[in-house]
There are 2 protein chains.
Amino acid sequence: MDIFTALSDPIRRQLIEALWQRGPLSIKQLGEGLNISRQAVTKHLNVLIKAKLVSAEFSGKERIHQLNPRPMEQVALWLQPFAAQWDDRLSRLNTYLGEEHEQD
Amino acid sequence: MDIFTALSDPIRRQLIEALWQRGPLSIKQLGEGLNISRQAVTKHLNVLIKAKLVSAEFSGKERIHQLNPRPMEQVALWLQPFAAQWDDRLSRLNTYLGEEHEQD
DNA sequence: TTGACATGCAACCAATTGGTTGCATAAAGT
DNA sequence: ACTTTATGCAACCAATTGGTTGCATGTCAA
């Protein structure tokens with residue numbers, strides 16, 4: 001599953017934000033704010049898992065999810081070249097990235 | 001049209017890259033590398049236009065497209081909070097952004 | 001003015017998406 | 001043991017997506 005696709009759904013982005021802000025959560029907990037069925041939440045989470053953005057493991061009967069934000073780096077790296085034409089702040093950031101800080 | 005959705009398709013990302021690298025191009029020119037019909041290219045371009053990522057105007061019989069990368073900033077800004085947990089380079093960048101450089 | 005070229009519009013189609021409901025199962029609480 | 005709770009699996013569905021083809025239109029070149 002492609003990461004850009006995984007991030008293209010607002011609900012999935014909300015799930016990511018929730019995990020970011022509130023730490024590891026179960027399916028039910030993650031679904032609480034959202035106005036969709038539990039199964040719909042599961043589907044979205046599975047998309048995120050396939051994209052490696054989220055990892056899950058069982059703790060008893062609960063499936064606990066954890067955010068794995070590193071894959072999102074790919075997106076940031078794709079965006080970089082274009083950043084030069086954005087606002088001042090981001091163009092300075094782009095300059096920064098373009099300096100001798102490469103490591104890979 | 002949501003920007004994340006616009007960026008979620010690989011062909012649309014290719015179109016963006018083409019406009020970035022080769023400058024303003026017509027529909028036909030943009031479709032040349034791709035193995036899909038002209039109309040499919042048009043559809044993708046229209047998605048990018050609705051997302052304000054691309055602007056187009058006619059020059060004679062040709063519709064010339066231009067990249068408008070600034071809207072992508074939104075994506076970068078969404079990504080930012082998570083960057084702290086990425087690699088060293090990006091976490092330093094995040095620190096940089098988190099300093100007193102805010103402006104908005 | 002005739003023909004070639006670049007495009008728009010519309011119909012159509014298969015596959016995917018995002019959602020649902022119903023039922024089954026395993027873990028935890030009483 | 002019984003009940004509740006959290007989940008998985010599968011079927012189903014409507015809407016959207018990404019693609020196609022056919023035909024119409026406006027522009028440019030000969």
Side-chain angles (χ1 to χ4, degrees), chain A residues 1-19 22-68 71-72 75 78, chain B residues 1-19 22-68 71-72 75 78:
Chain A
M1 172 67 68
D2 168 53
I3 238 204
F4 286 89
T5 305
L7 293 179
S8 71
D9 188 284
I11 292 189
R12 286 195 289 267
R13 289 198 301 274
Q14 271 186 254
L15 291 171
I16 288 174
E17 288 165 17
L19 288 173
R22 301 163 51 203
L25 294 170
S26 71
I27 295 178
K28 208 204 169 191
Q29 291 173 317
L30 281 164
E32 256 149 31
L34 286 38
N35 216 20
I36 55 175
S37 71
R38 170 184 60 85
Q39 290 84 342
V41 177
T42 302
K43 283 192 183 181
H44 281 301
L45 285 170
N46 288 340
V47 169
L48 293 173
I49 288 169
K50 273 188 199 150
K52 316 259 189 200
L53 275 167
V54 164
S55 43
E57 53 180 19
F58 271 91
S59 164
K61 66 179 164 183
E62 283 176 308
R63 196 176 80 171
I64 302 298
H65 302 78
Q66 202 169 353
L67 183 59
N68 189 241
M72 287 196 275
V75 179
W78 186 84
Chain B
M1 171 67 68
D2 169 51
I3 240 208
F4 286 88
T5 306
L7 294 179
S8 71
D9 188 285
I11 292 190
R12 285 194 289 268
R13 289 198 300 275
Q14 271 185 254
L15 292 170
I16 288 174
E17 289 165 16
L19 288 173
R22 299 164 51 203
L25 294 170
S26 71
I27 295 178
K28 208 204 170 191
Q29 291 172 318
L30 281 164
E32 255 148 31
L34 287 40
N35 216 18
I36 55 176
S37 70
R38 170 184 59 87
Q39 290 85 341
V41 177
T42 301
K43 283 192 184 180
H44 282 300
L45 284 170
N46 287 341
V47 169
L48 293 173
I49 288 169
K50 273 189 199 150
K52 315 259 190 200
L53 275 168
V54 164
S55 43
E57 54 178 20
F58 271 91
S59 163
K61 66 182 165 183
E62 284 176 309
R63 196 175 81 171
I64 302 297
H65 303 77
Q66 204 170 352
L67 183 58
N68 188 242
M72 288 195 274
V75 179
W78 187 84

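Every chain is numbered from 1 and lettered A, B, ... according to where its sequence line falls, protein lines coming before strand lines. In what follows, every heavy atom counts, from backbone to side chain, and hydrogens, waters and symmetry copies are set aside.
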Inset, instruction - Kindly check if the number of other-residue, nucleotide or ligand heavy atoms within 6.0 Å of CD (A:Glu32) is above 12? - result: yes

Legend entry - Results of side chain to side chain contact (heavy atoms under 4.5 Å, CB included) for A:Asp9 - residues two or more places apart only: A:Ile11, A:Arg12, A:His44

Under 3.5 Å between N/O atoms: give me all the protein pairs with nucleotides 6-10 of chain C, atom names plus distance.
residue: C:dA6; atom: OP2; partner: B:Lys28; partner atom: NZ; Å: 3.1
residue: C:dT7; atom: OP1; partner: B:Ile27; partner atom: N; Å: 3.2
residue: C:dT7; atom: OP1; partner: B:Arg63; partner atom: N; Å: 3.2
residue: C:dT7; atom: OP2; partner: B:Lys28; partner atom: N; Å: 2.8
residue: C:dT7; atom: O4; partner: B:Arg38; partner atom: NH2; Å: 3.3
residue: C:dG8; atom: OP1; partner: B:Arg63; partner atom: NH1; Å: 2.9
residue: C:dG8; atom: N7; partner: B:Arg38; partner atom: NH1; Å: 3.1
residue: C:dG8; atom: O6; partner: B:Arg38; partner atom: NH2; Å: 2.9

Ignoring hydrogens and angles, write down the donor-acceptor pairs under 3.5 Å from the side chains of residues 45-54 of chain B, residues two or more places apart or on other chains.
residue: B:Asn46; atom: OD1; partner: B:Arg63; partner atom: NH1; Å: 3.3
residue: B:Asn46; atom: OD1; partner: B:Arg63; partner atom: NH2; Å: 3.2
residue: B:Asn46; atom: ND2; partner: B:Thr42; partner atom: O; Å: 3.4

Inset, instruction - Name all residues meeting the side chain to side chain contact (heavy atoms under 4.5 Å, CB included) criterion together with A:Pro10; count only those two or more places apart in sequence or in a different chain, and write none if there are none. - result: A:Arg13

Inset, instruction - Please list, chain by chain and in numerical order, all residues satisfying side chain to side chain donor-acceptor pair (under 3.5 Å) with A:Thr5, sequence neighbours excluded. - result: A:Asp2

Legend entry - Rounded distance in Å - CG (B:Leu45) to C1' (D:dG19): 15 Å

Legend entry - Bending between helix ends of the helix from C:dT1-D:dA30 to C:dT30-D:dA1 [5 pairs per end, 10° resolution]: 20°

Legend entry - Toward the 5' end of DNA chain C, by each residue's nearest nucleotide, A:Gly60 or A:Asn35: A:Asn35

Legend entry - Reported CD1-to-CD distance for the pair B:Ile36 and B:Gln39, which is rounded to 0.5 angstrom: 10.0 Å

Legend entry - All side chain to side chain donor-acceptor pair (under 3.5 Å) counterparts of B:Glu17, not counting sequence neighbours: A:Trp78

Inset, instruction - Tell me, please, which residues at least two apart from B:Ser55 pass side chain to side chain contact (heavy atoms under 4.5 Å, CB included). - result: B:Gln66

Inset, instruction - Round to the nearest Å and state the distance from A:Asp2 atom CG to C:dT16 atom P. - result: 15 Å

Inset, instruction - Give the rounded distance in Å between these two atoms: CG of B:Leu34 and P of D:dG18. - result: 13 Å

Legend entry - Results of side chain to side chain donor-acceptor pair (under 3.5 Å) for A:Gln29 - residues two or more places apart only: A:Ser26

Legend entry - Residues within residues 3-16 of chain B bordering DNA chain C, heavy-atom distance below 4.0 Å: none

Inset, instruction - Give, for atom CG of B:Leu30 and atom CD1 of B:Ile16, the distance between the pair rounded to the nearest 0.5 Å. - result: 11.0 Å

Inset, instruction - Give a yes/no on whether any side-chain N or O of B:His44 is located under 4.0 angstrom from OP1 or OP2 of D:dT17. - result: no

Legend entry - Backbone of B:Ala40 reached by a side-chain donor or acceptor of B:Ser37 within 3.5 Å: yes

